[in-house]
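Below is one structure, written out as structure tokens, with a few remarks after it.
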Amino acid sequence: MAEQDAPATAREWHLAARPQGWPVPADFALAEAPVRTPGPGEILVRNAYLSVDPYMRGRMNDVKSYLPPFGLGRVMEGGAVGYVVASAAEGFAPGDAVLHGLGWREYATVEAGRAVKVDPSVPLSAYLGVLGMTGLTAYAGLLAVGGLKEGDRVFVSGAAGAVGTMVGQIARLKGASLVVGSAGSAEKVSKLVDEYGFDAAFNYKDAPVAEQLAAAAPEGIDLYFDNVGGGHLEAAIGALGVHGRAVLCGAIAQYNETTAPAAPRNLALAIGKRLRLEGMLVGDHAALQPQFVAEVGGWLREGRLRSEETVVDGFEHAVDAFLDLLRGGNTGKMVVRLDG
């Protein structure tokens with residue numbers, strides 16, 4: 001396919017200031033930048049969908065972490081999927097659909113080794129969610145890190161989010177005897193039970209998490225998938241049985257706090273219960289990608305697994321989508337559609 005036209009300049013989102021507590025729109029700046037022609041081994045991509053994810057909040061802070069912080073006055077990064085416009089790399093041609101990590105911009109010049117061709121017969125946004133990083137996070141966290149066993153009683157916090165909805169469904173498909181989720185609204189709670197197959201769910205805003213978890217899982221839990229941290233983790237430690245496991249995937253409850261978290265206060269219970277609390281990063285599990293795509297893709301084709309997205313239209317609304325995500329305004333994966 002012939003090289004396609006690209007504009008001389010395009011928009012991108014920069015980090016304008018490091019947030020103190022909750023981010024605000026003034027912490028971001030929409031800028032116009034030149035669209036660079038790809039050099040040897042590079043491709044130029046017109047982004048079609050961008051991903052916004054909770055981990056991005058941590059990269060807004062100037063602290064050492066598993067990923068470097070976003071640079072002040074520099075364009076941000078994140079997952080994106082789009083179409084090759086021009087290629088100077090073997091194996092890529094204009095029109096190819098690709099997944100890469102240079103989101104938060106309309107056009108991206110990407111090293112070919114950092115892009116992956118994807119099947120355009122599948123909705124492209126799926127590669128940012130159910131068949132992408134969030135799906136693999138749920139799959140690897142539950143199976144490789146959490147060691148899910150048939151008959152396990154499973155609790156998932158942030159259960160209506162992109163990772164949480166997948167965790168609950170995979171747990172059910174893999175033989176969990178009980179799947180309980182927490183979410184932040186009555187509507188989300190109903191969806192978890194009625195549409196995602198959770199056995200029970202509760203609104204963590206209605207009453208203390210420990211009380212609601214005890215009512216939903218009176219015999220306790222074997223495995224906790226933590227997307228929230230704080231009081232949820234404390235409640236789960238209390239509910240876990242001997243040799244219980246907790247997968248520490250996220251701590252969105254404290255990402256925007258300016259003081260140290262108050263919980264968990266009962267960590268000493270982990271000694272007598274011989275609990276295993278293990279953090280996870282999805283990048284450690286790249287070797288599972290073929291198995292993940294084959295198994296989850298099969299469930300999708302068979303209609304055994306449900307995928308939901310919250311789609312925000314317009315590149316100019318990327319920051320709005322991100323801020324809404326941090327407030328729990330999404331069900332399933334939150335993506336930004338550039339062509340909307």
Side-chain angles (χ1 to χ4, degrees), residues 1-16 28-53 55-56 59-60 66-129 131-136 282-283 286 289-290 293 311-319 321-322 333 335-340:
M1 187 180 292
E3 182 172 313
Q4 301 168 10
D5 291 333
T9 62
R11 296 175 296 175
E12 57 186 32
W13 281 102
H14 291 193
L15 181 64
F28 306 83
L30 187 59
E32 194 85 14
V35 174
R36 185 170 64 81
T37 301
E42 294 181 326
I43 56 176
L44 176 62
V45 180
R46 175 178 61 82
N47 286 331
Y49 289 90
L50 310 179
S51 179
V52 291
D53 300 281
Y55 80 87
M56 295 173 175
R59 295 190 69 186
M60 299 178 75
Y66 62 93
L67 288 173
F70 294 132
L72 272 180
R74 304 280 299 276
V75 62
M76 297 168 65
E77 295 177 354
V81 65
Y83 298 98
V84 175
V85 174
S87 174
E90 187 176 350
F92 291 88
D96 286 346
V98 295
L99 172 69
H100 63 90
L102 296 183
W104 291 92
R105 64 202 89 193
E106 292 179 298
Y107 283 79
T109 304
V110 185
E111 294 178 24
R114 296 181 178 272
V116 177
K117 283 202 286 189
V118 296
D119 181 358
S121 69
V122 175
L124 288 190
S125 56
Y127 294 104
L128 300 177
L131 292 177
M133 181 183 72
T134 52
L136 181 58
V282 67
Q289 181 76 20
V293 171
V311 180
V312 174
D313 280 319
F315 180 75
E316 65 276 12
H317 295 302
V319 167
F322 177 61
K333 182 74 185 81
V335 295
V336 180
R337 180 166 50 199
L338 274 65
D339 294 335

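For the numbers below, each heavy atom of this structure counts, side chains included, while hydrogens, waters and symmetry mates do not. Computed from a predicted structure; not experimentally measured.
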Query raised in the report: Is there a donor-acceptor pair under 3.5 Å between the side chain of Trp13 and the backbone N or O of Phe315?
Result: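 Yes; at least one donor-acceptor contact below 3.5 Å.
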
Partners passing side chain to side chain donor-acceptor pair (under 3.5 Å) against [X] (at least two apart in sequence or in another chain):
{"X": "Arg11", "result": "Glu106"}
{"X": "Glu77", "result": "none"}
{"X": "Thr109", "result": "none"}

For [X] versus [Y], what's the shortest heavy-atom pair and its separation?
{"X": "Glu32", "Y": "Thr9", "result": "OE2-OG1, 2.8 Å"}
{"X": "Gly129", "Y": "Thr134", "result": "O-OG1, 2.8 Å"}
{"X": "Gly103", "Y": "Ala80", "result": "CA-CB, 3.7 Å"}
{"X": "Ala48", "Y": "Tyr83", "result": "CB-CE1, 4.3 Å"}
{"X": "Leu50", "Y": "Leu128", "result": "C-CD1, 3.7 Å"}
{"X": "Gly39", "Y": "Ala88", "result": "O-CB, 3.1 Å"}

Could I get the full list of side-chain contact (heavy atoms from CB on, under 4.5 Å) partners for [X], not counting sequence neighbours?
{"X": "Val118", "result": "Val81, Ala97, Leu99, Leu124, Tyr127"}
{"X": "Arg114", "result": "Val110, Glu111"}
{"X": "Glu90", "result": "none"}

